[in-house]
Amino acid sequence: MEAVLQTRGLLSLPPKPTKASSLLNPSQGLTHRLFASKPLGFNELCLFYRRVPNVVAKPNGVPFICKAKAASAADGKQPFFNENEKPKFMGIEILTLKKIIPLGLMFFCILFNYTILRDTKDVLVVTAKGSSAEIIPFLKTWVNLPMAIGFMLLYTKLANVLSKKALFYTVIVPFIAFFGAFGFLLYPLSNYIHPQALSDKLLAVLGPRFLGPLAIMRIWSFCLFYVMAELWGSVVISVLFWGFANQITTVEEAKRFYPLFGLGANVALIFSGRTVKYFSNLRKNLGPRVDGWAISLKGMMSIVVLMGFTICFLYWWVNKFVPLPTRSWKKKEKPKMGTMESLKFLVSSRYIRDLATLVVAYGISINLVEVTWKSKLKAQFPSPNEYSSFMGDFSTATGIATFTMMLLSQFIFDKYGWGVAAKITPTVLLLTGVGFFSLILFGDPLGPALAEFGMTPLLAAVYVGAMQNIFSKSAKYSLFDPCKEMAYIPLDEDTKVKGKAAIDVVCNPLGKSGGALIQQFMILTFGSLANSTPYLGGILLMIVFTWLSAAKSLDTQFTALRREEELEKEMERDAVKIPVVSEPRNDSVANSSLL
């Protein structure tokens, strides 16, 4: 059916027009289409325009013949826009697979390297001659933090002058070169480049309480390795990888595939733990005068270098063969809050204060237990190869536990809710922390009972401390982090944005450095980490109970906000009623004005 219409305004045509008057009936026109439950797409409404000479004289505009066609799925007609369907494999577009598979491999390689580096850095600084676990809090505060700040300032300047590709290679290649040089050059020469004699003289003058700070100078190349390994986690994972992933993926792809990256990270943790275990056990097959740890280190650093070049190749391949998605360059305004502004905002809101308490308490608690555990780990496994072998098993167990907890987290949220999920992490820390410090402080009376199981109090403390780290970290990744992010959801937009900015500026650094500062104070006051153990246990109990109290308070507020939000949505659904009024019109009026 063809009808002559004046081209002015917005056309809205019924599926099968019969005459001009019914075509312009408001009950079948724009009003009906706007408030229909299912909007029409390209496959359901197509307009064809053809220029028609001398049909009907029009006061203005050019006469056209407009033909409307409704193409529903039931009719089986082809859409007007003949879009070629993109090729798919197993329901996923080939273009998406060309992005997601290389990204998944890159993430696997980066996390594989990070696990090896994380385990190796602890072995180097804890088991080195003239050093102990007491070096870690000083190293984190006075070396790692300043170098991280300096690196980010340098990265910001490089980002202003280099392209994204050049910036990626400029950042990652020095990491690869350093780790390769450390395994084959710096570590073999460590006996010649470390100032052992000067450190011994200073230690004799200052006393044993300064063992940790002096060890930084004594084993400076190992400390440099420690810092570079920490920066690999923060720079290569957070900045380079996630920046690149967000650059080449769409929002829909991210929602679908980013959670799988988290599961893949734990798979990398399992395999890298087995790799560390294998190379650490090479010492058993070597002669008595051979430095077994040097051989193990060369093997692990070779794999780190190989994985690093694999990351570079995958990055080059994606940029070469995968088109980048088009994006809007309009940037959203983000609140820039200084430290004092963040502190004021934290104090002003009870909800944000409780959320900040969760973040700070976790950072302090995990540091208090972890450093004390590593000191006992060195006492049980003084050899670098034995220490590294145990850390390999520890990484594998952490990967398995976290993978399992991620699969169970959805059930926990659905069955027990936010409050229970938020309390699991501090409860795990409390129970395992009490067991760990009890074995350290009251281990001798338990010696005969533990001997029945073939363990000493020291070995039992090592195992309980390992369980504490494994379960607390798996609970953190699978429950604590999702709970923290979910807590922002029911807040209004202003509080949500400012609260997150305040916690990022103040609470994350405070949680990470707070435990280290407490341990430094205890070591310098009581002379050693062992003498400080009872006080650290008491501090841990206070922090965890404060954490549980904040979680309970936040659960009450979170539940109230959620109920209020659901009530508002229900009221909106019940209250919004849009009437559709159809007024009769004669044909002359209908033909003279279009909707």
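A side-chain N or O of Gln520 and one of Trp142 form a donor-acceptor pair less than 3.5 Å apart.
Thr120 places no side-chain N or O within donor-acceptor distance of the main-chain N or O of Leu117, the cut-off being under 3.5 Å. Side chain of Gln519 to main chain of Asn367: a donor-acceptor pair is present (N/O by atom type, distance under 3.5 Å, no hydrogens or angles). When atom types are taken as modelled, the side chain of Ser549 and the backbone of Phe545 share no donor-acceptor pair closer than 3.5 angstrom. Judged by distance alone, the side chain of Gln468 and the main-chain N or O of Thr432 form no donor-acceptor pair under 3.5 Å. Using modelled atom types, one side-chain atom of Thr533 and one backbone atom of Ala530 make a donor-acceptor pair closer than 3.5 Å. One N or O on the side chain of Arg209 and one on the backbone of Leu524 form a donor-acceptor pair closer than 3.5 Å. In terms of modelled atom types and a separation under 3.5 Å, the side chain of Thr357 and the main chain of Arg353 share a donor-acceptor contact. With hydrogens and angles disregarded, no donor-acceptor distance shorter than 3.5 Å links the side chain of Glu370 to the backbone of Asn469. In this structure a side-chain-to-backbone donor-acceptor pair under 3.5 Å is present from Ser532 to Met522. A donor-acceptor pair is defined here as one N or O able to donate and one able to accept, closer than 3.5 Å; such a pair exists between the side chain of Ser190 and the backbone of Tyr187.
Using a 4.5 Å heavy-atom threshold, the side chains of Lys374 and Val371 count as separate. The shortest side-chain heavy-atom distance between Ser272 and Leu111 does not fall under the 4.5 Å cut-off. Using a 4.5 Å heavy-atom threshold, the side chains of Phe403 and Ile400 count as separate. Between Asp291 and Ile295, the closest side-chain pair of non-hydrogen atoms is not below 4.5 Å. At a threshold of 4.5 Å between non-hydrogen side-chain atoms, the residues Phe436 and Ile440 count as touching. Using a 4.5 Å heavy-atom threshold, the side chains of Met391 and Leu377 count as touching. No side-chain heavy atom of Val126 sits under 4.5 Å from any side-chain heavy atom of Ser131. Looking only at side-chain heavy atoms (C-beta outward), Arg218 and Asp200 come within less than 4.5 Å of each other.
Annotation: Phe271 is not in aromatic contact with Phe112 [ring centroid separation under 6.0 Å not met]. Residues Phe168 and Trp316 place their aromatic rings such that the two centres sit no closer than 6.0 Å. In summary, the aromatic rings of Trp293 and Tyr387 are positioned with their centroids too far apart to meet the 6.0 Å limit. Aromatic ring centroids of Trp373 and Phe394 lie under 6.0 Å apart.
Taking CG from Leu446 and OG1 from Thr456, the interatomic distance works out to 12.0 Å, rounded to the nearest 0.5 Å. To the nearest 0.5 Å, atoms OG1 (Thr404) and CG (Asn266) are separated by 9.0 Å. The CG atom of Leu314 sits 14.0 Å away from atom CZ of Phe107, with the distance rounded to the nearest 0.5 Å. Rounded to the nearest 0.5 angstrom, Leu297 CG and Ser302 OG are separated by 9.0 Å. Between Leu479 atom CG and Asp481 atom CG the span is 9.5 Å, to the nearest 0.5 Å. Note that the OH atom of Tyr315 and the CD1 atom of Ile172 stand 10.0 Å from one another [nearest 0.5 Å].
Residues Phe222 and Leu124 approach most closely at CD1-O, 3.6 Å, considering heavy atoms. Here the closest non-hydrogen pair linking Gly233 and Tyr114 is CA-CE1, 3.6 Å. Nearest heavy atom pair, residue His194 against residue Ser221, reads NE2-OG, 2.5 Å. Residues Ile364 and Gly515 share a closest heavy-atom pair of CG1-N, 3.9 Å. Taking each heavy atom of Asn385 and Ser296 in turn, the nearest pair found is ND2-OG, 3.1 Å. Smallest separation of non-hydrogen atoms from Leu158 and Leu167: CB-CD1, 3.7 Å.
Here salt bridge (charged side-chain N to carboxylate O under 4.0 Å, His left out) pairs that include residues 375-402, with residues two or more places apart or in two chains, are Arg274-Asp393, Lys277-Asp393.
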Trace of the side chain to side chain donor-acceptor pair (under 3.5 Å) decision for Asp119 with Ser395: CA-CA 8 Å; Asp119 293 346; Ser395 297; 2.6 Å; yes
Intermediate values then yes/no, side chain to side chain contact (heavy atoms under 4.5 Å, CB included), Leu536 and Leu529: CA-CA 9 Å; Leu536 292 176; Leu529 193 62; 3.9 Å; yes
Side chain to side chain contact (heavy atoms under 4.5 Å, CB included) between Phe480 and Ile424, worked out: CA-CA 8 Å; Phe480 180 80; Ile424 287 179; over 6 Å; no
Worked verdict on Ser388 versus Ser280 for side chain to side chain donor-acceptor pair (under 3.5 Å): CA-CA 6 Å; Ser388 180; Ser280 300; 2.6 Å; yes
Working for side chain to side chain contact (heavy atoms under 4.5 Å, CB included), residues Phe138 and Ile523: CA-CA 10 Å; Phe138 296 95; Ile523 291 171; 4.2 Å; yes
Test side chain to side chain donor-acceptor pair (under 3.5 Å) applied to Asn531 and Ser528, step by step: CA-CA 5 Å; Asn531 296 335; Ser528 67; 3.1 Å; yes
Verdict with supporting geometry, Phe178 and Leu186, side chain to side chain contact (heavy atoms under 4.5 Å, CB included): CA-CA 9 Å; Phe178 172 80; Leu186 288 178; 3.9 Å; yes
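The side-chain tip of Lys121 does not point at the ring of Phe225 from less than 6.0 angstrom away and within 45° of straight on.
No more than 12 heavy-atom neighbours from other residues, nucleotides or ligands sit within 6.0 angstrom of CZ on Phe521.
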